[in-house]
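Reviewing the structure listed below.
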Amino acid sequence: PDELKMRVGSGLLSFPVTDFAPDCSFDARSYRARVEWMASFPAAALFAAGGTGEMFSLGWTEYASVIEMAVAAIGKAAPVIAG
């Protein structure tokens, strides 16, 4: 926790918008591309599935998928913090 606290306080925080398909389901492919692009910039941490208010539009399975995709896409570039 102390290491994470220091990391989060060390720079900019990233809040990617969660991508949705036309049928309102989670668009994993588009979201992964967004997070991978964001990983190319220095960020102290990435907030997934809630930083922009979308958590109210996600079911539990989609919520878990967003978090898993964020972790996979960001790699070791920044820690992922979930709502």
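Distance CD/Glu62 to CG/Asp27: 11.0 Å, rounded to 0.5 Å. With rounding to the nearest 0.5 angstrom, the CE atom of Met38 is 8.0 Å from the CD1 atom of Ile74. Within the model, atoms OG of Ser57 and CZ of Phe20 stand 5.0 Å from one another, a figure rounded to the nearest 0.5 Å. Atom CZ in Arg29 sits 11.0 Å away from atom CE in Met69 (nearest 0.5 Å).
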Sequence neighbours left out, cut at 3.5 Å: what donor-acceptor pairs do the side chains of residues 3-15 make with other protein atoms?
{"residue": "Arg7", "atom": "NE", "partner": "Ala44", "partner atom": "O", "Å": "3.2"}
{"residue": "Arg7", "atom": "NH2", "partner": "Ala77", "partner atom": "O", "Å": "2.8"}
{"residue": "Ser10", "atom": "OG", "partner": "Arg7", "partner atom": "O", "Å": "2.6"}

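With Ser65 contributing its side chain and Thr61 its backbone, the two residues share a donor-acceptor pair below 3.5 Å.
By the ring-ring contact (aromatic ring centres under 6.0 Å, His included) test, Phe56 pairs with no residue at all, sequence neighbours left out. Every ring-ring contact (aromatic ring centres under 6.0 Å, His included) that Phe26 has, sequence neighbours left out, goes to Tyr31.
Of all heavy-atom pairs spanning Ala70 and Ala48, the tightest one is CB-CB, 3.8 Å. In plain terms, the two heavy atoms of Thr18 and Glu54 that are nearest each other are OG1-OE2, 2.6 Å. Nearest heavy-atom pair across Leu58 and Ala49 is CD1-CB, 4.2 Å.
Linking ILVMFWY side-chain heavy atoms closer than 4.5 Å, directly or via other members, places Val35 and Val80 in a single hydrophobic cluster. Transitive grouping of hydrophobic side chains (ILVMFWY, heavy atoms separated by less than 4.5 Å) keeps Ile81 and Val71 in distinct clusters.
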